[in-house]
Amino acid sequence: MKKSLSIIALAALLAACGHPSVPTSYSSDNKVPVIYPDYTDVVVPSNIAPLNFAVMEQGTEAVARFTFAGGEYTYGDGKKILIDEDEWKEMLAASKGKDIKVDVFANNNGKWTAYKSFNITVADEDIDQYISYRLIQPSYVAYEDLSIQQRDITTFEESTIYSNLSVSNEEEGQCINCHSYKNYKTDNMLFHMRQSFGGTMIVDNGNVKKVDLKTDSTISAGVYPAWHPTLNLIAFSTDKTGQSFHTKDIAKIEVQDTQSDLILYDVDKDEVSYISREENELEIFPTWSPDGKTLYYGSAYFVYTGRDHDKPDSLQSDTAAPIAMETEMIQRYKECRYNLYKKSFDPKTRTFGERELVYDAVANEKSATLPRISPDGRYIAFAEGNWGCFHVWHPEADIQILDLKTGNKVTTSPMNSKRSESYPVWSSNGRWIIFESRRDDGNYTRPYIAYFDKKGKVHKAFAVPQKDPSFYTFFLRSFNRPEFMVESVKISPKEFTSVAKTDARKVTFKEDAKK
Amino acid sequence: MKHSQYYSALVFAIIAYALLVMHSEYLYALQDNSIFIGGHTFMQELLNRNQGLWIWVGSYLTQFFYYPWLGALMLTMVWVATHLSLIVAFRPKGYWHIIPLLPVAFQLYAVMTFGYYIYYSKCPGYAFAMAVCILVMSIVAMMIRLAIDRFTKIKAKFTNIVLALCCIIYIVANPVVKLYSWTYPSKNFFAELKMYHAMDECRWDDVINENIKAKEPTNFMVMMKNVALIHTNKFDDMLKTNNCGTIYDAPDSLQVRTSRIGAPMLYYQFGQFNFAYRWAIENSVEYGMSIRHMKILIRSAMYNQELDLAQKYINLLKSTKFHRDWAIQKEREIHSSTLFYQSEECGNVVPLIVDDDVELDNDNSNCLDWIIRYFSSIEKAKNEKQQNVALCFSLVAKDGYRFATHFIDYVKTHPQGPIPHLYQEAAIMFGSMPDEALDISGFDFDNIIAERYNNFVREFYALKEQKLSDEEMASKLKPLYGETYWWYYYFYSDLVLY
């Protein structure tokens with residue numbers, strides 16, 4: 001009796017681990033199946049993790065057949081298609097520069113339907129092995145547990161770089177943000193901590209230190225960072241940021257800077273100096289060219305009048321006290337639009353040249369932010385919306401790419417959606433762009449990747465794969481600031497925590513570095 | 001005497017069950033402020049937290065408070081099992097058999113006195129989480145005792161001491177700590193729970209009656225009652241239904257704010273879907289997702305036409321045990337605009353959506369103040385319901401100028417009358433003030449109301465000449481004029497909005 005039970009159990013185990021067979025009789029539907037995440041006709045890196053998906057067609061059961069140069073595999077687990085990792089690697093290796101054909105069959109009340117095949121094209125190029133992001137609920141003012149995570153996107157391994165729960169308590173919370181790396185490597189990286197144990201965590205050649213970047217001469221501590229690719233310098237914006245809430249617009253929030261400048265932080269000397277603080281300009285989001293000789297950034301021309309713009313002209317008075325900058329920015333938020341500029345940088349003298357216009361978004365009544373230069377220096381990717389700087393909350397915002405050589409825009413519609421796209425980042429080989437998108441539901445930001453081929457063509461974007469295809473459906477946090485890394489962060493969360501609990505080292509302000 | 005310890009367990013079970021079931025609305029609120037979502041993602045989220053396993057189990061069991069009798073039965077059974085395990089583990093003699101009763105009695109006390117902390121707890125399903133955790137420890141103690149009994153004959157005394165110490169630390173200490181930090185909630189707390197539940201189900205008469213029953217309702221209760229009056233078109237009853245709210249009655253250490261305990265629902269009822277969504281999210285971020293917030297997120301997303309977002313939350317709610325039907329109904333409404341627009345909720349809420357809306361605003365965490373301010377300053381009401389809300393909230397805010405503007409509009413749009421008594425009372429009063437906000441010369445008021453106002457003024461000044469304090473005057477005039485706007489205007493000064 002025991003023996004026969006063992007045999008049954010073993011058979012059941014083998015059946016569970018095996019490949020389902022495709023149905024022999026079915027009707028055909030000449031449309032591509034609806035699957036989630038949408039991996040139909042996408043181009044993927046040759047080292048990406050398995051593209052597990054769920055079949056969203058009617059029915060209770062689905063089978064997918066993957067046909068590739070080396071053969072075929074079938075998968076099906078209810079309506080989920082869960083691909084074996086080793087077999088997926090085999091498929092990718094055999095399909096470099098080729099297609100994997102996918103046939104999906106769905107069973108609805110005992111009747112199978114075969115859908116139109118789709119392809120997954122495997123690019124010749126790999127993608128950087130790691131990405132990092134902040135996990136945050138799409139909240140407004142409140143925050144609780146935040147963490148900066150790193151994910152090996154060639155597998156499903158995820159780990160925590162730093163979690164604010166290691167120092168937060170019931171009374172005092174800690175906000176963490178703006179993780180950033182030098183040249184895709186993690187021996188030089190940073191992130192900010194605000195409120196409890198506030199300061200900026202700098203990893204300098206593998207050593208962690210905590211600095212306070214606020215000086216009496218600057219608006220705030222450093223905010224949006226950009227590591228110089230070769231020198232131990234970091235450009236930051238300094239910003240006075242506020243939030244207000246839409247009563248009706250589904251954009252829901254406007255995050256506005258009422259003041260902002262750019263500063264340069266010398267990591268070795270713990271000194272900051274101004275890069276740009278032009279009158280009536282709100283400078284933001286610095287980023288370096290790969291050769292480190294040019295600094296790109298966004299800037300909005302905005303003149304405060306002090307007038308209450310909610311009052312009709314007949315009620316205006318010359319003797320009335322000027323209204324607060326914050327109030328005026330709220331009243332005129334649609335007028336705040338950013339262009340992209342650049343300044344030359346001399347690494348020897350560490351001085352900046354005059355400002356030059358790179359992209360005139362304002363002329364088209366648009367606002368361009370979050371610029372990033374491709375590793376070959378030819379393209380600039382950025383987010384563009386109708387106004388403001390925080391496009392993650394702007395449904396109309398899209399990723400745009402400008403060819404700096406020709407001055408023409410690249411067609412980016414394959415990577416965009418009707419909902420917000422923001423924060424584009426190039427992979428170290430320039431063939432992949434990761435960005436934030438709210439295309440799934442409008443509110444929760446997911447990391448998407450698009451292929452940018454050698455001819456400068458953008459391909460359809462796909463969601464970073466997850467082991468469970470329903471993960472994004474049930475996960476109530478946003479993926480914020482996706483960044484590529486070629487290696488994992490070596491500092492442990494514990495080490496970060498112990499430094500986080502120390503006092504921040506005050507930086508000094510150096511006036512004469514400004515040109 | 002031999003079985004007396006089991007009798008005590010039985011007596012405890014009866015008392016505990018009765019106490020729990022008597023507070024069925026509270027039990028319902030416990031599950032409403034918690035959530036359990038099936039699947040790996042939710043489990044992983046909780047398991048990553050400190051004590052995550054217990055929270056996960058607790059959240060699962062808390063769902064059963066949807067039927068308070070069932071949840072109460074389960075919780076009582078867990079406690080009885082704990083008690084019996086401890087009896088087996090320690091085998092107390094004589095009166096000492098009362099000792100194993102203490103941990104469960106403490107738990108009962110803790111659960112029954114959680115009060116406003118149900119909104120601020122960061123441990124969803126805490127009642128069951130605590131109970132199951134202690135039960136497991138008790139069972140471990142029992143197993144150890146049974147093992148010791150079986151395999152050793154000696155050291156019983158020493159073992160008992162060690163076991164007793166361990167259990168005191170793990171079992172008694174925790175509830176005792178909580179006992180010190182918790183105090184009894186107010187009656188208004190329970191009334192608020194009932195009113196919220198009734199409002200969620202559009203049982204408007206229940207909302208109104210609960211407020212009338214309250215001796216001194218909170219301002220949150222008064223606002224819920226006014227929502228019920230607004231949706232049942234009984235504006236004229238505003239001051240006849242206990243409209244003088246007080247501040248919440250909660251432990252001093254707890255700063256109860258409406259933004260936490262009811263803002264998402266209130267904003268939703270007033271057609272302010274972005275603000276409803278915002279506070280449901282803010283509260284979920286800080287104190288954990290709950291059924292009630294999930295429902296508001298779904299409703300707000302639907303009215304905002306963010307259907308994919310609504311579907312996301314519906315998918316989550318569909319995976320719960322007892323709110324699946326509600327979610328499926330909403331899913332039907334997503335796919336059928338006819339169903340959606342024919343729903344009672346829609347009929348209540350849509351007329352309150354203001355067209356000429358301001359674009360950016362901030363309520364500074366004071367929901368009641370924002371709603372009153374916002375609606376009393378509507379420039380152009382688009383329908384009668386908005387007009388009435390504007391008038392009523394101008395009166396609540398004692399803003400004669402805004403009332404005057406809305407009143408003139410009202411009279412123009414209702415040339416045939418009749419003008420509600422409440423508005424007549426206010427118009428007569430504001431019109432007779434020295435710095436009159438309203439010229440009432442052209443209006444035709446009810447003689448009885450005008451006469452009554454004259455009497456009120458006469459009696460008011462007569463009492464004033466007697467040098468009575470405001471409180472004494474309020475008390476003397478209340479029997480005759482307590483439901484009039486004049487009494488409200490002169491004597492109610494406790495509109496503390498929080």
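Numbers restart at 1 for each chain; the letters A, B, ... are given by sequence-line order, proteins then strands.
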*Asks:* At a heavy-atom separation under 4.5 Å, does B:Glu286 approach chain A through its side chain, its backbone, both, or neither?
*Replies:*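 Contact with chain A is through both the backbone and side chain of B:Glu286.
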*Asks:* Less than 4.5 Å to any heavy atom of chain A: does that hold for the side chain of B:Glu45, its backbone, both, or neither?
*Replies:*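 Contact with chain A involves the side chain of B:Glu45 alone.
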*Asks:* So does A:Lys240 have more than 12 non-hydrogen atoms from other groups sitting under 6.0 Å from NZ?
*Replies:*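 No, NZ of A:Lys240 has 12 or fewer neighbouring heavy atoms, counting only those of other groups under 6.0 Å.
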*Asks:* Would you say that more than 12 heavy atoms from the other residues, nucleotides or ligands in this model lie under 6.0 Å from the CD of A:Gln58, or not?
*Replies:*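 Result for CD/A:Gln58: open.
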*Asks:* Is any side-chain heavy atom of A:Phe245 less than 4.5 Å from a side-chain heavy atom of B:Phe275?
*Replies:*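 Result yes, sub-4.5 Å side-chain heavy-atom pair found.
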*Asks:* Specify the closest pair of heavy atoms between B:Val285 and A:Ser139, including all atoms of both residues, with the distance to one decimal.
*Replies:*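 The pair with the smallest heavy-atom distance is CG2-CB, 3.5 Å.
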*Asks:* How far does CG of B:Asp355 sit from NZ of A:Lys248, to the nearest 0.5 angstrom?
*Replies:*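 Output value for this atom pair is 5.0 Å.
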*Asks:* Report the distance from atom CD of A:Gln256 to atom CG of B:Leu360, rounding to the nearest 0.5 Å.
*Replies:*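 So the gap between those two atoms works out to 6.0 Å.
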*Asks:* State, yes or no, whether a side-chain contact exists between A:Tyr444 and B:Leu309 at a heavy-atom distance under 4.5 Å.
*Replies:*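 A:Tyr444 vs B:Leu309: side chains touch.
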*Asks:* Could you state the interatomic distance from CG (A:Asn443) to OH (B:Tyr277), rounded to the nearest 0.5 Å?
*Replies:*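 Between atom CG of A:Asn443 and atom OH of B:Tyr277 there are 3.5 Å.
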*Asks:* With side chain to side chain contact (heavy atoms under 4.5 Å, CB included) as the criterion, how do A:Gln137 and B:Met289 come out once you've worked through the C-alpha distance, each side chain's angles and the decisive distance to 0.1 Å?
*Replies:* CA-CA 11 Å; A:Gln137 298 189 48; B:Met289 184 53 81; 5.8 Å; no
*Asks:* Given that the side chain runs from C-beta out, which part of A:Asp440 has a heavy atom under 4.5 Å from chain B: side chain, backbone, both or neither?
*Replies:*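 Backbone only.
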*Asks:* For B:Leu316, which atoms come within 4.5 Å of any heavy atom of chain A: side chain, backbone, both, or neither?
*Replies:*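 For B:Leu316, the contact with chain A is made by backbone and side chain together.
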*Asks:* Counting only heavy atoms from other residues, nucleotides and ligands, does the tally under 6.0 Å from NZ of A:Lys467 exceed 12?
*Replies:*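 It does not: A:Lys467 NZ has 12 such atoms or fewer within range.
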*Asks:* Distance-only, no hydrogens or angles: does the B:Glu282 side chain make a donor-acceptor pair with backbone N or O of A:Val141 under 3.5 Å?
*Replies:*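 It does hold such a pair.
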*Asks:* Counting only non-hydrogen atoms closer than 4.5 Å, does A:Lys334 touch chain B with its backbone (N, CA, C, O), its side chain (CB onward), both, or neither?
*Replies:*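 The side chain, not the backbone.
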*Asks:* Roughly how far, to the nearest 0.5 Å, is CZ of B:Arg278 from NE2 of A:His246?
*Replies:*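 Spacing of NE2 (A:His246) from CZ (B:Arg278) equals 13.0 Å.
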*Asks:* Report yes if the side chains of A:Ile250 and B:Phe273 come closer than 4.5 Å at any heavy-atom pair, otherwise no.
*Replies:*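 No, every pair of side-chain atoms sits at 4.5 Å or beyond.
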*Asks:* Looking only at heavy atoms and a cut-off of under 4.5 Å, which of A:Tyr143, A:Phe474, A:Phe475, A:Phe471 has the most pairs with chain B?
*Replies:*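 Option with the greatest count: A:Phe474.
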*Asks:* With a 4.5 angstrom heavy-atom cut-off, is it the side chain or the backbone of A:Ile136 that approaches chain B, or both, or neither?
*Replies:*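 It is neither, since no heavy atom gets under 4.5 Å.
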*Asks:* Which atoms of B:Tyr313 come close to chain A, meaning under 4.5 Å heavy atom to heavy atom: side chain ones, backbone ones, both, or neither?
*Replies:*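 Looking at B:Tyr313, just its side chain touches chain A.
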*Asks:* Taking B:Asn274 for its side chain and A:Asp249 for its backbone only, find out whether a donor-acceptor pair lies under 3.5 Å.
*Replies:*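 Pair found, side chain donor or acceptor close to backbone of A:Asp249.
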*Asks:* If I measure from the heavy atoms of chain B, does A:Arg438 come under 4.5 Å with its side chain, its backbone, both, or neither?
*Replies:*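 The answer is neither part of A:Arg438.
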*Asks:* Which residues satisfy the salt bridge (charged side-chain N to carboxylate O under 4.0 Å, His left out) test with B:Lys321, sequence neighbours excluded?
*Replies:*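 Applying salt bridge (charged side-chain N to carboxylate O under 4.0 Å, His left out) to B:Lys321 gives none.
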*Asks:* Assess whether atom CD of A:Glu85 is packed by more than 12 heavy atoms of other residues, nucleotides or ligands within 6.0 Å.
*Replies:*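 Atom CD in A:Glu85 is crowded, with more than 12 foreign heavy atoms closer than 6.0 Å.
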*Asks:* Taking every heavy-atom pair that is under 4.5 Å apart, which of B:Ile37, B:Asn304, B:Leu307, B:Asn283 has the most such pairs with chain A?
*Replies:*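 Of B:Ile37, B:Asn304, B:Leu307, B:Asn283, B:Asn304 has the most heavy-atom pairs under 4.5 Å with chain A.
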*Asks:* Around A:Lys418, counting heavy atoms of other residues, nucleotides and ligands shown, do more than 12 lie under 6.0 Å from its NZ?
*Replies:*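 For A:Lys418, atom NZ is not crowded (no more than 12 foreign heavy atoms under 6.0 Å).
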*Asks:* Please confirm whether the backbone N or O of A:Thr473 pairs with a side-chain atom of B:Lys312, one donor and one acceptor, at under 3.5 Å?
*Replies:*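 Yes; judged by distance alone, with no hydrogens or angles, the pair exists.
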*Asks:* So, taking the atom named CG in B:Asn362 and the one named CD in A:Gln243, what distance separates them when rounded to the nearest 0.5 Å?
*Replies:*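 Here the rounded value is 9.0 Å.
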